[in-house]
Amino acid sequence: MEQFRKLDNVLNKILLSDKYLFAYTTTDGFTERLLGAELVVDYDFNYKLELRAFDHVKKTKNNSDTIMESGVLPKKIMEYLENLLHSNYLSLKSNYDYETVFISGTGMQQYLLNLEKTTTNIHITDGLPEEYFKTDTEKLLFNFNAFLKKYVEDKYNNWLI
């Protein structure tokens, strides 16, 4: 997949290419499969999805460690994205993680949204309970995140032999 994000050293943050409205990146952390996925959505609601996994050449239908697909954004993802974009998403925290401990090697998700003058960044650490997400917008984010993680997991399982 083409590079869709870059580090802005002046703002000290990751920016999403202005070609895209939304990007989602996930990794399941330091696991045997080292699964990672990237989903980008343009302003016409077309998407590109790439899944990568470690040492999967003999485990996948396409005999590769990578699979890509593209097309019109699936309806359920479109609904979640539209709801998020019409919410008070600027009120969301930039980091949703454990406040008292740092757990390395755990899964995480990153959201990049391009509706304002600069990219909105949101990072979520795996395993946070729903109670951590308090506002209606945070609950929407929690549900969207759970849906996208399941979507990626389903894609992964369908990719396997």
Side-chain angles (χ1 to χ4, degrees), residues 1-5 14 16-17 19-87 89 92-98 103-115 119-133 135-161:
M1 182 178 301
E2 68 185 77
Q3 187 59 267
F4 59 88
R5 62 183 165 233
I14 296 172
L16 179 59
S17 165
K19 292 172 38 177
Y20 297 106
L21 169 66
F22 174 77
Y24 168 80
T25 302
T26 185
T27 176
D28 62 359
F30 191 66
T31 64
E32 180 181 342
R33 64 187 188 174
L34 296 174
L35 178 64
E38 295 179 329
L39 170 73
V40 293
V41 178
D42 67 21
Y43 288 92
D44 294 322
F45 294 101
N46 297 305
Y47 80 99
K48 295 177 187 173
L49 174 68
E50 178 180 21
L51 271 66
R52 296 171 315 283
F54 176 73
D55 197 25
H56 272 54
V57 171
K58 294 180 181 176
K59 300 176 184 177
T60 58
K61 293 174 183 168
N62 67 343
N63 300 315
S64 175
D65 292 335
T66 304
I67 188 168
M68 294 181 67
E69 68 177 45
S70 60
V72 176
L73 191 64
K75 183 180 179 193
K76 189 69 173 173
I77 297 175
M78 171 88 85
E79 289 172 4
Y80 269 116
L81 182 55
E82 285 179 333
N83 287 338
L84 184 62
L85 295 174
H86 289 103
S87 74
Y89 73 89
L92 293 168
K93 297 184 235 177
S94 59
N95 285 301
Y96 289 86
D97 58 12
Y98 298 95
I103 303 172
S104 64
T106 190
M108 59 74 61
Q109 293 77 47
Q110 176 188 51
Y111 290 79
L112 302 173
L113 296 150
N114 258 355
L115 271 187
T119 301
T120 301
N121 293 278
I122 303 165
H123 297 266
I124 301 173
T125 300
D126 270 355
L128 291 173
E130 187 173 0
E131 295 78 35
Y132 193 84
F133 298 80
T135 69
D136 288 344
T137 303
E138 287 178 325
K139 290 175 184 175
L140 173 62
L141 177 66
F142 178 86
N143 291 330
F144 188 23
N145 193 54
F147 177 83
L148 284 176
K149 285 172 53 179
K150 183 178 181 328
Y151 177 81
V152 167
E153 192 65 30
D154 289 347
K155 291 288 183 182
Y156 171 76
N157 288 326
N158 288 329
W159 177 34
L160 297 174
I161 295 174

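All values below come from the heavy atoms of this structure, side chains included, with hydrogens, waters and symmetry mates left out. Predicted model, so just to flag it, every value in this text is computed and none were measured.
Between T66 and E50 there is a side-chain heavy-atom pair separated by less than 4.5 Å. Using a 4.5 Å heavy-atom cutoff, the side chains of R52 and E38 are in contact. In this structure, N46 and V72 have side chains that are in contact, with non-hydrogen atoms separated by less than 4.5 Å. Between L141 and Y96 the shortest side-chain heavy-atom distance falls below 4.5 Å. Between Y98 and L128 the shortest side-chain heavy-atom distance falls below 4.5 Å. No side-chain heavy atom of L73 sits under 4.5 Å from any side-chain heavy atom of F22. L113 places none of its side-chain heavy atoms less than 4.5 Å from the side chain of L16. Inter-residue side-chain proximity for K155 and L49 is flagged as met; some heavy-atom pair is nearer than 4.5 Å.
Distance alone, capped at 3.5 Å, places no donor-acceptor pair between the D42 side chain and the K19 backbone. For the pair D65 (side chain) and V57 (backbone), a donor-acceptor distance under 3.5 Å is present.
Nearest heavy-atom pair, N114 versus S17, reported as atom, atom and distance to 0.1 Å: ND2-O, 3.0 Å. Between W159 and S64, the shortest heavy-atom distance links the atoms CZ2-O, 3.3 Å. Considering all non-hydrogen atoms of both residues, P74 and Y151 come closest at CG-OH, 3.7 Å.
Under the rule for a ring-ring contact (aromatic ring centres under 6.0 Å, His included), the partners of F147 that lie at least two apart in sequence or sit in another chain are Y80. With sequence neighbours left out, Y20 forms a ring-ring contact (aromatic ring centres under 6.0 Å, His included) with no residue at all.
No more than 12 heavy-atom neighbours from other residues, nucleotides or ligands sit within 6.0 angstrom of NZ on K58. Counting non-hydrogen atoms of neighbouring residues, nucleotides and ligands closer than 6.0 angstrom, the CG atom of D136 reaches no more than 12 such neighbours. Surrounding OH of Y43 are more than 12 heavy atoms belonging to other residues, nucleotides or ligands, all under 6.0 Å away. Around the CD atom of E32, the shell of radius 6.0 Å holds no more than 12 heavy atoms that belong to other residues, nucleotides or ligands.
Between the side chains of Y132 and E138, no donor-acceptor pair is found at a separation under 3.5 Å. Using modelled atom types and a 3.5 Å distance limit, the side chains of R5 and T119 yield no donor-acceptor pair.
From N158, atom CG reaches atom CD of E153 across 10.5 Å, with rounding to the nearest 0.5 Å. The structure places NE2 of H56 at 9.0 Å from CG of L34, a figure rounded to the nearest 0.5 Å. To the nearest 0.5 Å, the span separating NZ on K150 from CG on N145 amounts to 14.5 Å. Of the inter-residue distances, the one linking D97 atom CG with M108 atom CE reads 10.5 Å to the nearest 0.5 angstrom. For the atom pair CG (L39) and OG1 (T26), the distance works out to 11.0 Å, reported to the nearest 0.5 Å. Rounding to the nearest 0.5 Å places NE2 of H86 at 9.5 Å from CG of L81.
The salt bridge (charged side-chain N to carboxylate O under 4.0 Å, His left out) analysis of residues 120-131, with sequence neighbours excluded, yields the pairs D126-K149.
For the side chain to side chain contact (heavy atoms under 4.5 Å, CB included) with L112, the qualifying choice from I14, L21, V40, T120 is I14, the only one to do so. Between I122 and the options Y89, Y111, Y24, a side chain to side chain contact (heavy atoms under 4.5 Å, CB included) holds for only Y111.
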Handout entry: Worked check of side-chain contact (heavy atoms from CB on, under 4.5 Å) between R33 and D28
Key = CA-CA 8 Å; R33 64 187 188 174; D28 62 359; 2.5 Å; yes
